[in-house]
Each structure stands twice: as C-alpha cells, then as structure tokens.
Amino acid sequence: MATRYNSRMSDLNPAQLAAATHGDGPLLIIAGAGTGKTRTLVHRVAHLIERGVPPERILLLTFTRRAAQEMLGRVERLVGKACHHVQGGTFHATAHRLLRRYGAAAGVPSDFTIMDQEDSQDLMHMARVQLGYGDKTKRFPKKETLHRVYSRHVNTDIPVGTILADEFPQFAEFLPDITRIFADYTARKGTRNLVDYDDLLLFWAGMLESSPEVAARIAALYDHLLVDEYQDTNLLQARILRGLCRNHTNVTVVGDDAQSVYSFRGASFRNILDFPQQFEGTSVVTLEQNYRSSQPILDTTNTLISRARERFTKVLWTTRTGGDRPWLVTARDEDEQTRFVVDRILELYEGGTPLREMAVLFRAGYMSAAIEIELTNRKIPFEKWGGLRFLEAAHVKDVLAFLRVLENPRDEVSWYRILLLLPGIGDLTARSAIAAMAQAAWESSSFARYRAPARAHAAHASLVTLLDTLRTGDTAQTVSGDIARVRKLYDDILRERYDQAEPRLADLDQLETIAGGYPSRSAFLSAIALEPPSNTHDLAVGDHEDEDVLVLSTAHSAKGKEWDAVFLIWAVDGWFPTTRAINDDAGLEEERRLMYVALTRARHHLAVSYPLQVYGSRRGADYSVDQLSRFLDRGVREKMERVVVGTPDQAPIMPAPPPIVPIDLRALMRERFGTAESR
DNA sequence: TTTTGAAGTCTCTCC
DNA sequence: GACTTCAAAA
C-alpha cells in the first residue's frame, strides 16, 4: 500500500511534501502562481485516503466544478477509483446538495428553485416597484445596484449604510427605502419558494449556527476539509468553514494573496491573512519554487506584483534557465493587434505548439470580438471562456421559465417572464394574473381559472393547454421532451420577437440536447443554475479534452490554468485597469493582481499588446489615442522586449482633425458623485 | 392597456 | 455599438 504512494511522493519538493503529508489540524498553504499548488493538494487528498480516511468523508471545495473534476481525476491516477467518493465542488453546489437533504430540518423547504443573478435582480425590481419606488422623482438605485448592495451585505456582513456610504454615496440618503426594499425582497423569496446564490451560502451557515442538531449532523459528515483558492472566499464562507469544524480542525486551505481578484463578490484576501487567528494552531507552508514559467517571464511578473501595496512577501524563483523575454507589442490600431496575435499564433502552431497550448486573454468578454472574427475567417478553431453566457441569453431563459413554473408554481419571476411573452398580455395583465394566483395560494389550477381580458383569451388558453400537457406527462416524460413541447408554443413567439431567429433556434436545439443528460427537471434546473456550461463546447455531448482548440478567455476565467503561449490583448489604461477602478485604490490594486494572474499563466511565450489608436465611439468620440496600462511601468518594461507592429507614426485614417479626448476628471467625478466636485 | 418607436444609458469580472 | 427604459399612438 505505502509503496505506490511513497514513490509518487518523490515528485514533490520538501515544502510540497510537508503540506501533502501534514497530519491533523489546520493548515495554511501560501502558494505562489505556478508553484504546484494543485499537485500538492492532489497529493494531500491521496495521502489522506492512503492513511485510511474514508474518501466520502473528505470535502474538497474548489472554485469551479471543472477544477474539482480535474483534481479528482489526478487523485484517481494516484490511488485508483477509491477517490470517486470524495465530496467536491463549489461552495454553492455543496450548499445546494446539503440544503436539499437537510434543509427541511432547518426550516428551508427542500423543493426551492434557485434564481440566477438576473432572476434575483428581476425580483428585486418587483419589490422596488411594489413599494412605489418606480417613479423617477429622484435618482434612485436601479435593480442591478440594489442587488449588488444586497449581495455585498450578505457576503461580507458590512452594514448596508456603510456599503452605501463607501461605494454609492449618491444613494446614501435612500438607506431607509433601500432597507425596506431588501426586507420585501427577502419576504418575497420566502413566500415564492425562491433561493438566490447568496442564500445558498447564508442558509448553509444558518444551518450550522442556529440549529444544534442539524449542525451536528452536517459537521459529522466530514473528517477533512480542503479549500482551494482561499483568497477568493468571503467572510460568509469562512463562517461556514468554522461551523464545519465542530468536532475537529482538519481544515486545509490553499491560496495566494497576490491572486485575489473576486472582491466584487465580497471576497477578501483578509481571509487568508486572518486564517491563523481563526483556527488556532495553524501550520503555515509557503511554496515559492515556480515550475511553470521561464525565468524572463518570472522576472516580469515578479516586478509587476512587487508594486502591490500589501501582500505576503514571497519571491518566486525557478531553476529553469533560458527562454525569451516577454514581448511588449505596440500596435498601430486594433486591426494590427489582431493581425499580430493571429499571425503569431499560426507561427507557433507551425513550430509545433498545439492550439490547445495557447490562449488569448483579456479584461472583459467583449474585447475579443475582433479576434473571434479573424479566427473564424482564417478557420482557426477556438473556444471562449467567460463573458456572456449561453444561459443568460433571453430566449434560453424564456424556455427555462416554462420548466420552472412547473417545478415551482410559486415562481413569480418566471410567471412574469412567460406572461409577457404572450400576445395581448403586458405588464398590467401579467401582474393581475399573478395576483390572482397568489390569492389562490398558488394552487396549480389557479392560472386556468384566471379570467384573462378578451384580447388575451387565445394566448391564455394555449398556455393553459401546454402547461396541462406538461403536468400530466410528468412521470414518463424526459426533460428534453418537455422542452420540445414548450417549443411548439415558443418557437413562433421567438421568430416574431427576434430578427435573427436561426442562431437562437439552434441554441434551443442545444438546450434540448443538454437536458437529455439529466434525470429530472429539478436536477436539470439546479445544475444549470449552479454549474452553467462555461463555453460553447461544454454544451455538446462528450468530452473535448483531446480536441486542438485555441482558448480565448477573460483574465478571471483563466485563473488556475496555464498555457505554453499566452497573449494578453488591450493592455490599455482605462481597459486594463478598467476606468471604473481608476479612482479607487483598492480597485486598482485588484486590477493589478488580475493582470498578474493573466501574465503568470504563461510557460514559455508571453506577449502583451496594446493598440495606440482606437476608432469607434467610446464616450462619443470618433477616435482616441490610448496609453499603455499603468501597470507596465518602466521597471516592468525593462524586463520585456519591445515590438512594434504596423506603422505607428503614419497618420491615422479618419475624418476631420483628431478630436483627442483627454480624460475629463470633472465629468468622471460628476458621474460618480452627482454634483459635488470636491473630495 | 399593449405595442411600437425613439431616446438614453453604460459598459466587467462569477457562483 | 447593444440593450433598457421612457413616451406617444393604436
């Protein structure tokens, strides 16, 4: 038994070995980028299993489902199929599983529906309108803002008033109104049997803190807890961990404060810094030897992150020698940038680097549009991670809404969405129908009994028929069968509503296919809310691991990954860092860490590019001259190789004299804070 | 009361 | 440059 695993352990360096074979008690692993963090965690799981810990009593919390699967796959290669029973997934998915099983005991009905972010915002909107904040006498926060404040409050425990004062001072005066809306929002979720993302965590923490019997049962499920990417967890998640540590303190967390990039959802690298205080007797292991990147790349990224205000000091080093310096590519404009990236990709490909070993990274999803077009033209296969998602498309959400009201007749958000689709029904009719159903305690035939106005008779009748068919066929029917039936009604509406119907109909075909893989409607609905397919390839059946496809990804979605060659595009001030963060120290620091994450993905080749001139309407201008990202300061640039493509001194092709737009600080301030200029 | 057209907003990151 | 929201017409 020990032989197999001992031989595997020889792959590890002393620090990794110490972490992997750590006994009981809390363990904090500070792991710099590319230092074999995953390898260490994988070996630790293997070690625990070999030591006799039952796999099903190990809980591995990761940032994405993909990360969990990848790790468990590697554990399997070490210890065999025993690891199949290791519990794993995201915090949210784990919370979901536990709530379905133990929620009832803690007062949470087990048949709830999960709302995604947009649903939550819609429900927030309903609360807002209901309470009479719809009229525009004064500037009042929109549903997105309301939801953001709410979510931050739940995840960080920061009082709503403080959040408003810090981040939305222009809305601070509305605190009492906002509090009322939040109260109504919460009540609505309760009566409609809806649960948002934050509730999943909140109820999990609640089960552990308020109900001793349930808490004991849940805490007794696991002997060892392991958490990956701990720098991206928030206070609520830390509370959950503490709650799980009733009977033992066998909790291992791994993270890198320099890679904390999710503060927008309440994460704080404080969690890492405070871990030793929260768990007494913590052992700390630091991993500093980098196995990923060449020395010149490391020199560049080390310099970049050395500018950070506050961090654990650790300098990554490698024994690898040689390698090219990263390129800093100045392109005349976006076209030149695109051409450079695609040409270089082909060059590397000709040289033997598979497409799968290359990635193009950017700050936000929409920045890859030009590259996508060019790749399509040149017939280079790619997949895109992050950015706008398939499931967020309006037509997909429409179809899902039908399934959701079947699953949860009290789902007000979905009812409203469906009703508005029907000809002859608008806002008012939809609300009155919903009110009638609420009156009838959401009894399933109450919609059929609703007396629709004359012009909506036909629509009402066909919807009643459809829902009846779907309800009665319940037992024998498949989820994709349900969707097919919904589409008999919906496809016509879709053609009516959208200009380019064809690609949208194709999306629905795909949805039908995915649904085929799920045993029940509720399993399907929960799964797609918690683990949405992250790229178009995930949607197709089967695995595509072996396919040779280039990756386009947001910097966020690239975290935890690595490639032989990495291209970071749009390294322009105002894009990366985004303008939103420029007046905010903490935001700027996070942007810097995000760029650090992006650049440290590269093993051998790294190119950072930025176009000098941008055409098109950005703040109303036809044209602007851009500056290199402030993060690539002189010290960083000295570690890089400068490359110029296009002819930058050539006069730009454009109408009229160049209306160069300086950043108007006053306008920005006015936008942020209303009228006052001082601050 | 719904629908349609036009002005206005605001750009992100993810479970 | 896309999507939402607001206002007028059917």
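FYI, side chains are in, hydrogens and waters are out, and symmetry mates aren't considered; it's all heavy atoms of this structure. First the proteins, then the strands, lettered A, B, ... as listed; each starts at 1.
- Among the atoms of the strands shown, none is found under 4.0 Å from any heavy atom of L201(A).
- Close placement of the W415(A) and F447(A) rings is indicated, their centers lying within 6.0 Å of each other.
- Here dG1(C) presents its P atom at 11 Å from CD1 of I373(A), a figure rounded to the nearest Å.
- Using bins of under 30°, 30° to 60° and over 60° for the plane-to-plane angle, the ring pair W563(A)/W385(A) lands in the tilted bin.
- Applying the ring pair (Phe, Tyr, Trp, His ring centres under 6.0 Å) rule to Y416(A) yields no partners; only residues at least two apart in sequence or on another chain are considered.
- Aromatic stacking of F264(A) on dC12(B): not satisfied for centres closer than 5.5 Å together with planes under 30 degrees.
- E118(A) has its CD atom 15 Å from the C1' atom of dC15(B), to the nearest Å.
- Judged by closest nucleotide on DNA chain B, R455(A) is the one of T578(A) and R455(A) placed further toward the 5' end.
- The listed nucleotides are dC14(B), dT3(B), dC12(B); the one nearest the side chain of Y366(A) is dC12(B).
- Within the 4.0 angstrom heavy-atom criterion, no nucleotide atom of any strand lies near R152(A).
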Could you list the protein-to-nucleotides 8-10 of chain B atom pairs, N/O on both sides, closer than 3.5 Å?
{"residue": "dC10(B)", "atom": "OP1", "partner": "K142(A)", "partner atom": "NZ", "Å": "3.1"}

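- Remark: Y150(A) pairs with F182(A), Y185(A) by the ring pair (Phe, Tyr, Trp, His ring centres under 6.0 Å) rule, at least two apart or across chains.
- Inspection of the R101(A) and S110(A) side chains reveals no N or O donor paired with an N or O acceptor under 3.5 Å.
- Residue D427(A) is in sugar-phosphate contact alone, with no base atom involved, counting any heavy-atom pair closer than 4.0 Å across all strands shown.
- Looking at T338(A) and E374(A), their side chains never bring a donor and an acceptor atom within 3.5 Å of each other.
- For S557(A), the listed nucleotide lying nearest its side chain is dC14(B); candidates were dT3(B), dC15(B), dC14(B).
- The distance from atom CZ of F63(A) to atom C1' of dC14(B) is 7 Å, rounded to the nearest whole Å.
- Under the 3.5 Å distance criterion, with hydrogens and angles disregarded, a donor-acceptor pair is assigned to the side chains of N193(A) and D111(A).
- Remark: T90(A), H92(A) in residues 88-99 of chain A come within less than 4.0 Å of DNA chain B through at least one heavy atom.
- Protein atom CZ of R363(A) is 12 Å distant from nucleotide atom C1' of dC14(B), rounded to whole Å.
- Using a 4.0 Å heavy-atom cutoff across all strands shown, P453(A) reaches no nucleic acid atom at all.
- The distance from atom CD of E590(A) to atom C1' of dC12(B) is 11 Å, rounded to the nearest whole Å.
- A cation-pi arrangement, defined by a distance under 6.0 Å to the six-membered ring centre and an angle within 45 degrees of its axis, is present between R100(A) and F112(A).
- Under the ring pair (Phe, Tyr, Trp, His ring centres under 6.0 Å) criterion, F576(A) pairs with no residue at all, not counting sequence neighbours.
- For H556(A), the ring pair (Phe, Tyr, Trp, His ring centres under 6.0 Å) test picks out Y262(A), F264(A), with sequence neighbours left out.
- The interatomic distance linking D584(A) (CG) with dC12(B) (P) rounds to 17 Å, in whole Å.
- Note: CG (L594(A)) to C1' (dC12(B)) measures 10 Å, nearest angstrom.
- With rounding to whole Å, K143(A) atom NZ is found 8 Å from dT4(C) atom P.
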